[in-house]
Amino acid sequence: GNSVTQMEGPVTLSEEAFLTINCTYTATGYPSLFWYVQYPGEGLQLLLKATKADDKGSNKGFEATYRKETTSFHLEKGSVQVSDSAVYFCALKAARGTSYGKLTFGQGTILTVHP
Amino acid sequence: EPEVTQTPSHQVTQMGQEVILRCVPISNHLYFYWYRQILGQKVEFLVSFYNNEISEKSEIFDDQFSVERPDGSNFTLKIRSTKLEDSAMYFCASSVPGGASGANVLTFGAGSRLTVL
């Protein structure tokens, strides 16, 4: 079946540090890939997405590139801010055979950024 | 910005009791979903709902669970007889109609935390 594996957290960084959160997946075909973010007390929000191999999703300084050869979708940001402290979820939508909106999530990675 | 709202934010119940979690999806969305996250585990798909019927459900969504859209705005998840293992955060989500490019982009609510004692 489909699965998503994220790096274990929590991740603690100082402001302006470089961030990488690893995400690898298992799925047949070409799934769509997503990063969702959950700020304290809020719902999961779409951060970025990529729908085909070599696509790069980007938003708010975050980037992730869909790598079919390594089945990865690592999240990166060059300089994190305290306001980036949140839980980050990698997710996939299977290429076919499932309903719209049926996402498979990773376990989430807690990011804490200190001033 | 439109948002999905969920109530209650936290509910504590006794094992065996019925629980109803409520959600108000975004008004022009037509697909609705429930997910749950047991503490320390992954967010898991429970069910998707479209055109007043379930379009897909996971193996978790057994006969104890049901969903309903009782009116034009609410979407509910009912657990008939709660078990200890139902303790989790339950997330409602909605998305635009299928076929649109944003159909896979879900808007989630902040969640309802259910604690079963």
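Here is the naming used below: chain letters follow the sequence lines, and residue numbers restart at 1 for every chain. Only heavy atoms go into these numbers, but all of them, side chains included; no hydrogens, no water, no symmetry mates.
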Once you measure the plane-to-plane angle for B:Y50 and B:Y31, does it fall in the parallel (<30°), tilted (30-60°) or perpendicular (>60°) bin? parallel
Side chain to side chain contact (heavy atoms under 4.5 Å, CB included) between A:F89 and A:Q6: does it pass, once the steps are laid out? CA-CA 8 Å; A:F89 294 91; A:Q6 289 180 234; 4.3 Å; yes
Can you confirm if the NZ or CZ of A:K68 lies within 45° of the ring axis of A:Y30 and under 6.0 Å from the centre of its six-membered ring? yes
Could you tell me which portion of B:F32 (side chain, backbone, both or neither) has an atom closer than 4.5 angstrom to a non-hydrogen atom of chain A? neither
Is it the backbone or the side chain of B:E3 that comes under 4.5 Å from a heavy atom of chain A, or both, or neither? neither
Write down the atom of B:R80, the atom of B:F65, and the distance for their closest heavy-atom approach. NH1-O, 3.7 Å
Which atoms of A:E42 are under 4.5 Å from chain B, going by heavy atoms: the side chain, the backbone, both sets, or neither? backbone
